[in-house]
Trainee: 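Have a look at the structure that comes next, please.
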Amino acid sequence: MRFGWRAMSGPMLTVAVTLLALLLDRAVHVPSPAPLFVCIVALAGALAGFAAAMTSAALAVVGAALFFLNHRATSFYAGADLVGLLAVTAFGTAGITGLMRERLLATFAAERQSHALAARLSAALDQVDIGIVLLDTETRAEFINRAFRDYFALPDEMADSKPPFIALMYHGRDTGAFELPEDELGTFIAQRMEMVRVGDARPITIKLRNGEVLRFVCAALPDGGRMLSYTPVTDLVRHTDAPARADYYRSLRDPANRKLIRYLRVAE
């Protein structure tokens, strides 16, 4: 047991109540301090744990025995019964409160460790150039890393408010982030929403108006959530695209292959 004000408060309070009861009992009739002793034992267990509670319980039993020996209105046998009852109650209270405190402390320590690990992971994901979005089972964004915010000019206030995925898509549409004709944006957003809903893991290439090219992948998580990744592949796509075949490369990004069909017909 560590010696500090928390550890010493229970035993010292028990001794103080015992001495005060003995002194007052010489002048006036004082009721049994046993209930107060039980409360002190519980307080000691909550403040300092099992050892302090047990020490307070032992002192409470001794203090109660001294009180009943000197108490004129209580017979020896009645006092012995009360002391025995107090002993059972006090030590039981000490065990329960002490063990509960140890369990609570262990739970708090585990939570602090979990929060610290989550903070380190968050900081690490903010250092990578891959956009990461974690969605819960209702497709609300629980985490959005710095790369995604930069790619889509997403304000921190919006990102930290846990927006739904549809709000992120509409933000990209409203800010003109996607390199798509305006009449195709609705279909594009609907297709992305459906991919996220079913957990479709097929990679999709997304071109942005600022020249960036991202490879989008949706991964279904065991808890029903989704992890969305936006990997920059600008060097792999932009630098190898032949200008004369730009329509062809755009057609490959069309999930329904409507553009590809039109391109092949024109090529014929």
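Start at 1 with the first residue, then count along the sequence.
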Trainee: Is the shortest heavy-atom distance from the side chain of Glu184 to the side chain of Phe178 under 4.5 Å?
Mentor: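 Answer no - side chains too far apart.
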Trainee: Ignoring hydrogens and geometry, is there a side-chain-to-backbone donor-acceptor pair from Arg209 to Ala177 under 3.5 Å?
Mentor: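 Judged by distance alone, no pair lies under 3.5 Å.
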Trainee: Following the transitive rule for hydrophobic clusters with a side-chain heavy-atom cut-off under 4.5 Å over Ile, Leu, Val, Met, Phe, Trp and Tyr, establish whether Leu168 and Leu185 coincide in one cluster.
Mentor: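 In one cluster with Leu168: Leu185, yes.
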Trainee: Could you check if a side-chain atom of Ile206 sits within less than 4.5 angstrom of a side-chain atom of Val213, using non-hydrogen atoms only?
Mentor: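 No, side chains not in contact.
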Trainee: Decide yes or no on side-chain contact (heavy atoms from CB on, under 4.5 Å) for Phe188 and Met169, but give the supporting numbers first.
Mentor: CA-CA 9 Å; Phe188 173 78; Met169 296 299 298; 3.7 Å; yes
Trainee: Decide yes or no for Asp223 and Asp136: does some side-chain heavy atom of the first lie under 4.5 Å from some side-chain heavy atom of the second?
Mentor: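 A side-chain contact is absent here, since even the closest heavy-atom pair is not under 4.5 Å.
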Trainee: Distance-only, no hydrogens or angles: does the Asp126 side chain make a donor-acceptor pair with backbone N or O of Arg146 under 3.5 Å?
Mentor: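 At least one qualifying donor-acceptor pair exists.
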Trainee: Run Thr234 and Leu214 through side-chain contact (heavy atoms from CB on, under 4.5 Å) and show every step you take.
Mentor: CA-CA 7 Å; Thr234 307; Leu214 305 176; 5.8 Å; no
Trainee: Would one find more than 12 heavy atoms of other residues, nucleotides or ligands at under 6.0 Å from atom CD of Glu138?
Mentor: no
Trainee: Determine yes or no for a side-chain-to-main-chain donor-acceptor pair under 3.5 angstrom, with His171 supplying the side chain and Ala153 the backbone.
Mentor: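 Flag set: sc His171 to bb Ala153 pair under 3.5 Å.
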Trainee: Applying ring-ring contact (aromatic ring centres under 6.0 Å, His included), name anything that partners Tyr151, two or more places apart in sequence or on another chain.
Mentor: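 Tyr151: no ring-ring contact (aromatic ring centres under 6.0 Å, His included) contacts found.
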Trainee: Any salt bridge linking Arg192 with Asp200? Criterion: basic side-chain nitrogen under 4.0 Å from a carboxylate oxygen.
Mentor: no
Trainee: Would you mind reporting whether Val17 and Ile40 have side-chain heavy atoms less than 4.5 Å apart?
Mentor: yes
Trainee: Does CE in Met158 sit with more than 12 non-hydrogen atoms of other residues, nucleotides or ligands closer than 6.0 Å?
Mentor: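 Atom CE in Met158 is crowded, with more than 12 foreign heavy atoms closer than 6.0 Å.
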Trainee: Is any side-chain heavy atom of Thr97 closer than 4.5 Å to one of Arg101?
Mentor: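 Arg101 vs Thr97: side chains apart.
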Trainee: Is there a donor-acceptor pair under 3.5 Å between the side chain of Arg226 and the backbone N or O of Cys218?
Mentor: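 Such a contact is absent between Arg226 side chain and Cys218 backbone.
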Trainee: Quick one: does Leu154's side chain get under 4.5 Å of Thr175's, heavy atoms only?
Mentor: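 The answer is no, as the side chains (C-beta and beyond) never meet within the 4.5 Å cut-off.
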Trainee: Out of Leu228, Asn145, Thr231, which residue meets the side chain to side chain contact (heavy atoms under 4.5 Å, CB included) rule with Ile132?
Mentor: Asn145
Trainee: Is there a donor-acceptor contact under 3.5 Å from the side chain of Ser56 to the main chain of Ala52?
Mentor: yes
Trainee: Please identify each residue that fulfils ring-ring contact (aromatic ring centres under 6.0 Å, His included) with Phe148, with sequence neighbours left out.
Mentor: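 Checked Phe148 against ring-ring contact (aromatic ring centres under 6.0 Å, His included); matches are Phe152, Tyr230.
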Trainee: Just wondering, more than 12 heavy atoms not from Glu142 lying within 6.0 Å of its CD?
Mentor: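 For Glu142, atom CD is crowded (more than 12 foreign heavy atoms under 6.0 Å).
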Trainee: For Met100, I'd like to know if atom CE has over 12 heavy atoms of other residues, nucleotides or ligands within 6.0 Å.
Mentor: no
Trainee: Got Ile166 and Thr139 here, is their nearest side-chain heavy-atom distance under 4.5 Å?
Mentor: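 No. Closest side-chain heavy atoms not under 4.5 Å.
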Trainee: Should Phe37 and Thr18 be marked as a side-chain contact (heavy atoms from CB on, under 4.5 Å) after you check the CA-CA gap, both sets of side-chain angles, and the distance that decides it?
Mentor: CA-CA 9 Å; Phe37 284 146; Thr18 301; 3.2 Å; yes
Trainee: Below 4.0 angstrom, N of the basic side chain to O of the carboxylate: do Asp160 and Arg149 qualify?
Mentor: yes
Trainee: Mind checking whether Met195 and Ile204 have side chains closer than 4.5 Å, heavy atoms only?
Mentor: yes
Trainee: Given side-chain contact (heavy atoms from CB on, under 4.5 Å), test Phe143 with Ser122 step by step and report yes or no.
Mentor: CA-CA 8 Å; Phe143 172 78; Ser122 176; 3.2 Å; yes
